[in-house]
Amino acid sequence: MSAPPVEPRTIAWPLVPVYVALIIFASLFPFAGWRTQGISPAEFLLARIPPPYWTWFDVWINVAGYAPLGLLLSLGWWRHGWVKTGWFWALCVGSLLSLAMEFLQIFLPLRVSSNMDWLLNSIGTLLGALLVPLLAWLGILRRWRDVRARWFDADARGAIVLLMLWPLALLFPAAQPFGLGQVFDRLEMWLVDMLENSAFEHWMPNFMQATEPLSPIGQLTAVLLGLLIPCWLAFSVMGSVTRRMVMVALVVLGGIAFSALSSSLSYGPLYAWDWLDQPTRLGIALAVALALLQVGMPRRYCVLLLLMGLMIDINLLNQSPPSPYYADALQSWEQGRFIRFFGLGQWLSWLWPFAVIAYVLLRLGRLPAVVAARRRQRSAAAPADRS
């Protein structure tokens, strides 16, 4: 008789704060101009439904925007045994969050509070929450749990969440294809603004005054590392060579698809593939070849390559200046039609590599305890198997 397998923890809970952050950014961006406008909360709560200024797009976007939150909350409580009441608590949290966002919009001149939005957000949360019992009844949740147990380690929840967020981070326009973490120039601008007219103003060195663009070799290296980093992250929590090969295909195809989508959103559908120049194509080909050669590499070496690749990639990207096309795309996201998704997309693009570093270091800190637990599990299972 073998020891029972370790039950993997749900990935729903780590995704909940990420999606809540998306809702907050979409509801309150650009977080400027806060002031009292003489509107009481009862004024929008008791307003007639529907308001005179609504469209079917508003209906669908408000329902669809909160449905994933309801799904994640209900799934988290379902996995914790709250089978009968998980959907109700998910509805309460989603409805209260929407009510808080509508209340805060009273103090933003660029936003309009609406009781119809609150009602539609609550409906979307309820629909997403009720989807979990349906998925369980269809057996989809059990199949996902089985697939996850076969593909990933039991303690791979953080890596799975980061891999799911990686293509979303690529949606924000990047200065280099697959280039995430180019944040030092913005950090310097923030520091300059903070220290302006202070005693420390002249202490700020101009350490981000990069004038030369990346050479073709530098661009190729950035593309190469940009694709290898998520592959190494996946390899660090996967053991099967065959499944690692499938993961390489998923990472490369997903990276190309979301980069093309980002370019299409930023510059228009006619320019969706303009980023795919010769150094980028060569970098993608080399990344695929190197990743396939490394599918049999032990996990600890994958972790080592992951940390080294992250350090090199972050340093390389932050030493290159943004192109004029990148600046134009950035302006369209900050001031154009993507304003509601600008905040979270930007932060994902900036912080994803640093979140991976933090995750890997925390996992390495827990590694001795994990190894000891696995040894105890194997030693406890050995006598039972012999009997």
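Linking ILVMFWY side-chain heavy atoms closer than 4.5 Å, directly or via other members, places Leu126 and Trp78 in two distinct hydrophobic clusters. Both Leu131 and Leu138 are assigned to one and the same hydrophobic cluster, defined by single-linkage of ILVMFWY side chains at heavy-atom distances under 4.5 Å. Hydrophobic clustering, with ILVMFWY side chains joined whenever heavy atoms are under 4.5 angstrom apart, keeps Phe88 apart from Leu135. There is no path of hydrophobic side-chain contacts, each under 4.5 Å, that joins Leu141 to Met164. Residues Met308 and Phe354 are members of separate hydrophobic clusters, defined by side-chain heavy-atom contacts under 4.5 angstrom among Ile, Leu, Val, Met, Phe, Trp and Tyr.
Ser264 places no side-chain N or O within 3.5 Å of a backbone atom of Ala260 that could act as its donor or acceptor partner. For the pair Ser262 (side chain) and Phe258 (backbone), a donor-acceptor distance under 3.5 Å is absent. Proximity of a side-chain donor or acceptor of Ser122 to a complementary backbone N or O of Trp118 within less than 3.5 Å is detected. Without hydrogens or angle criteria, Arg244 side chain to Met297 main chain gives a donor-acceptor distance under 3.5 Å. The main-chain N or O of Ala129 is found under 3.5 Å from a side-chain atom of Ser74 such that the two form a donor-acceptor pair. Ser95 places no side-chain N or O within donor-acceptor distance of the main-chain N or O of Leu91, the cut-off being under 3.5 Å. Checking side-chain atoms of Ser236 against main-chain N and O of Leu233 turns up a donor-acceptor pair under 3.5 Å. Looking only at distances, no side-chain donor or acceptor of Asp313 sits under 3.5 Å from a matching main-chain atom of Gly309.
Of the candidates Arg157, Met247, Arg243, Met247 is the only one forming a side chain to side chain contact (heavy atoms under 4.5 Å, CB included) with Phe152.
In this structure, CG in Leu15 is found 9.5 Å from CG in Leu75, a value given to the nearest 0.5 Å. For the atom pair Ile140 CD1 and Leu134 CG, the distance stands at 7.0 Å (nearest 0.5 Å). Between the OG1 atom in Thr280 and the CD atom in Gln219 there is a gap of 4.5 Å [rounded to 0.5 Å]. Put simply, CE on Met245 and CG on Leu292 are 5.5 Å apart, with the number rounded to the nearest 0.5 Å. Taken from CG in Leu306 to CG in Leu225, the straight-line distance is 10.5 Å, to the nearest 0.5 Å. Between atom CG of residue Leu120 and atom OH of residue Tyr66 there is a gap of 11.5 Å, rounded to the nearest 0.5 Å.
Across all non-hydrogen atoms, the minimal contact from Val241 to Gly296 is CG2-CA, 4.1 Å. Shown here for Leu316 and Gly218, the closest heavy-atom pair between the two residues is CD2-O, 3.4 Å. The two residues Leu108 and Leu28 make their nearest non-hydrogen contact at CD1-O, 3.6 Å. Minimum heavy-atom separation, Gly255 to Leu170: CA-CD1, 3.7 Å. When every heavy atom of Pro230 is checked against every heavy atom of Val251, the shortest pair comes out as CG-CG1, 3.7 Å. The minimum heavy-atom distance linking Gly181 with Asn318 is given by the pair O-ND2, 3.1 Å.
Looking only at side-chain heavy atoms (C-beta outward), Pro279 and Pro216 come within less than 4.5 Å of each other. Between Tyr19 and Leu71 the shortest side-chain heavy-atom distance does not fall below 4.5 Å. Counting only heavy atoms from C-beta outward, the side chains of Met101 and Asp117 never approach each other to under 4.5 Å. A heavy-atom distance below 4.5 Å is found between the side chains of Val252 and Ile256. No side-chain heavy atom of Leu163 sits less than 4.5 Å from a side-chain heavy atom of Leu250.
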Show your working on side chain to side chain contact (heavy atoms under 4.5 Å, CB included) between Asn315 and Met311 and close with a plain yes or no.
-> CA-CA 6 Å; Asn315 182 66; Met311 297 300 181; over 6 Å; no

Given side chain to side chain contact (heavy atoms under 4.5 Å, CB included), test Phe235 with Val303 step by step and report yes or no.
-> CA-CA 8 Å; Phe235 292 173; Val303 172; over 6 Å; no

Show your working on side chain to side chain contact (heavy atoms under 4.5 Å, CB included) between Trp151 and Ser240 and close with a plain yes or no.
-> CA-CA 7 Å; Trp151 279 64; Ser240 171; over 6 Å; no

Check the pair Glu102 / Asn121 against side chain to side chain contact (heavy atoms under 4.5 Å, CB included), numbers first and verdict last.
-> CA-CA 11 Å; Glu102 297 300 325; Asn121 295 156; 4.2 Å; yes

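For the salt bridge (Lys or Arg N to Asp or Glu O under 4.0 Å) condition, the pairs that include at least one residue of residues 280-302, sequence neighbours left out, are Asp153-Arg299. The side-chain hydrogen bond (donor to acceptor under 3.5 Å, both in side chains) analysis of residues 164-175, with sequence neighbours excluded, yields no pairs.
In Trp60, the CH2 atom is not crowded: 12 or fewer heavy atoms of neighbouring residues, nucleotides or ligands sit closer than 6.0 Å.
In this structure, the ring of Trp13 has its center less than 6.0 angstrom from the ring center of Trp77. Tyr359 and Trp352 have their aromatic ring centers separated by at least 6.0 angstrom.
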